[in-house]
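Reading through the structure tokens given below for one structure.
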Amino acid sequence: MSRYSIFVIAFFSFFSCNKCYQSFTPGQLWFDNNGVHINAHGGGILEFNGAYYWFGEHKIEGDAGNKAQIGVHCYSSTDLYNWKDEGIALSVVDDSTSLIVKGCIIERPKVIYNASTNKFVMWFHHELKGKGYSAAMTGLAIGDKVTGPYRYVKSVNPNAGVWPQNYNPQTADTSIVNPYKRKDPQWREYVEGGVYLRRDFNKGQMARDMTLFVDDDGTAYHIHSSENNQTLHVAQLTDDYLDFSGKYSRVLSGESNEAPAIFKRKGQYYMISSGCTGWSPNPARSAVAPHPLGPWKALGNPCKGSEEQVSTTFHSQSTYVLPVPGKEDAFIYMGDRWMPENAIDGSYVWLPIEFEDDQPVMNWQDEWSY
Ligand code: GAL
């Protein structure tokens with residue numbers, strides 16, 4: 001057989017087989033069932049009826065790919081290695097009067113299933129077209145079928161007119177109004193004191209990088225970077241997951257956490273997050289709490305390896321943590337290796353999370369399986 005025919009056979013068997021992958025290869029191109037690099041950035045996974053559904057930002061080529069030109073892409077899998085393209089779950093529209101007009105920003109979409117309403121609920125970080133990142137809203141869309149289509153409902157700055165449960169407005173120093181000067185020695189104190197929280201009290205709080213977490217009792221939480229990205233808010237959703245219940249708390253205030261991902265292990269809640277450096281990677285953080293609403297305690301950088309690996313989270317930024325089904329104590333870190341100059345080229349860094357002395361730990365793997 002000629003070298004050419006071996007290549008042709010290998011090529012076709014690779015793209016026609018049902019089970020091509022038997023392992024993860026972090027940071028490499030990852031082809032779907034059509035042989036196309038998976039396009040679901042800043043994503044999350046819903047397990048439903050024995051299958052996994054991966055929702056993420058659909059990117060296009062070039063810098064324009066950093067804005068929503070298409071919408072939220074969905075893939076399905078039964079083994080987490082091989083993914084089938086299920087198409088666009090939420091589409092942006094051409095109508096300039098709609099808030100999800102093409103060219104707005106839709107990031108970090110997450111979908112959860114509400115058993116009592118039998119609806120699939122998607123929340124995502126939403127920025128309005130032409131307004132940069134200033135709207136800092138969270139958007140809601142609902143689906144009757146897991147793969148969609150999802151109907152856009154609304155975007156909000158959450159918890160307007162409600163104080164977090166761990167903040168006392170009576171004792172707050174209200175003399176500082178807008179200190180946005182990091183060099184100010186008291187800046188951290190002002191943030192912790194709630195200067196941005198109070199500023200946004202009436203109109204609703206900022207919500208940028210976000211994730212969703214559903215607890216074993218079905219209570220869902222929306223976790224987002226708030227207060228000028230300085231403080232995370234963990235906010236309980238209503239029973240139907242379509243609104244904010246008004247119960248929320250501030251987490252790690254003044255510590256600039258982004259890219260939150262939450263999971264539960266042995267009755268404790270863990271969070272992996274990043275610092276705040278845009279598309280460039282930075283050292284990951286971890287934290288633990290006895291309840292999603294806190295109190296959260298910082299545990300430090302979970303990454304082990306060379307200085308470069310540790311300081312860049314293996315060139316990635318967290319987006320989700322997936323418990324490995326049917327396995328005790330096994331979790332998958334899902335991160336994005338962003339390529340903002342050609343957004344569609346962004347790749348995925350999935351790594352095992354292990355535990356040492358009840359602290360999450362991540363090591364680099366060229367290739368691994370669970
Ligand atoms: C990152 C954030 C991404 C995206 C980016 C834009 O910090 O995690 O989701 O918003 O900034 O610069």
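Counting convention: from 1, in listed order, for ligands and their atoms alike. FYI, side chains are in, hydrogens and waters are out, and symmetry mates aren't considered; it's all heavy atoms of this structure.
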Query - For ligand 1, the residues whose heavy atoms come within less than 4.0 Å (ordered by chain, then number) - result: Glu107, Arg108, Tyr133, Asp209, Glu258, Gly278, Trp279, Gln317
Query raised in the report: What is the ring orientation for Trp350 with Trp54, classed by angle as parallel under 30°, tilted 30 to 60°, or perpendicular over 60°?
Result: tilted
Query raised in the report: Passes side-chain contact (heavy atoms from CB on, under 4.5 Å), Leu128 versus Leu99? Steps please.
Result: CA-CA 6 Å; Leu128 306 182; Leu99 294 186; 4.0 Å; yes
Query raised in the report: When you check the gap from the basic side-chain N to the acidic O, do Lys154 and Asp243 get nearer than 4.0 Å?
Result: yes
Query raised in the report: Testing Pro281, Ser316, Ser318 for side-chain contact (heavy atoms from CB on, under 4.5 Å) with Val349, which one passes?
Result: Ser316
Query raised in the report: For Gly62, does its backbone N or O pair with a side-chain atom of Asn342 as donor and acceptor, under 3.5 Å?
Result: yes
Report task. Report the relative orientation of the aromatic rings in His291 and Tyr221; use parallel for angles under 30°, tilted for 30 to 60°, perpendicular for over 60°. Result -> perpendicular
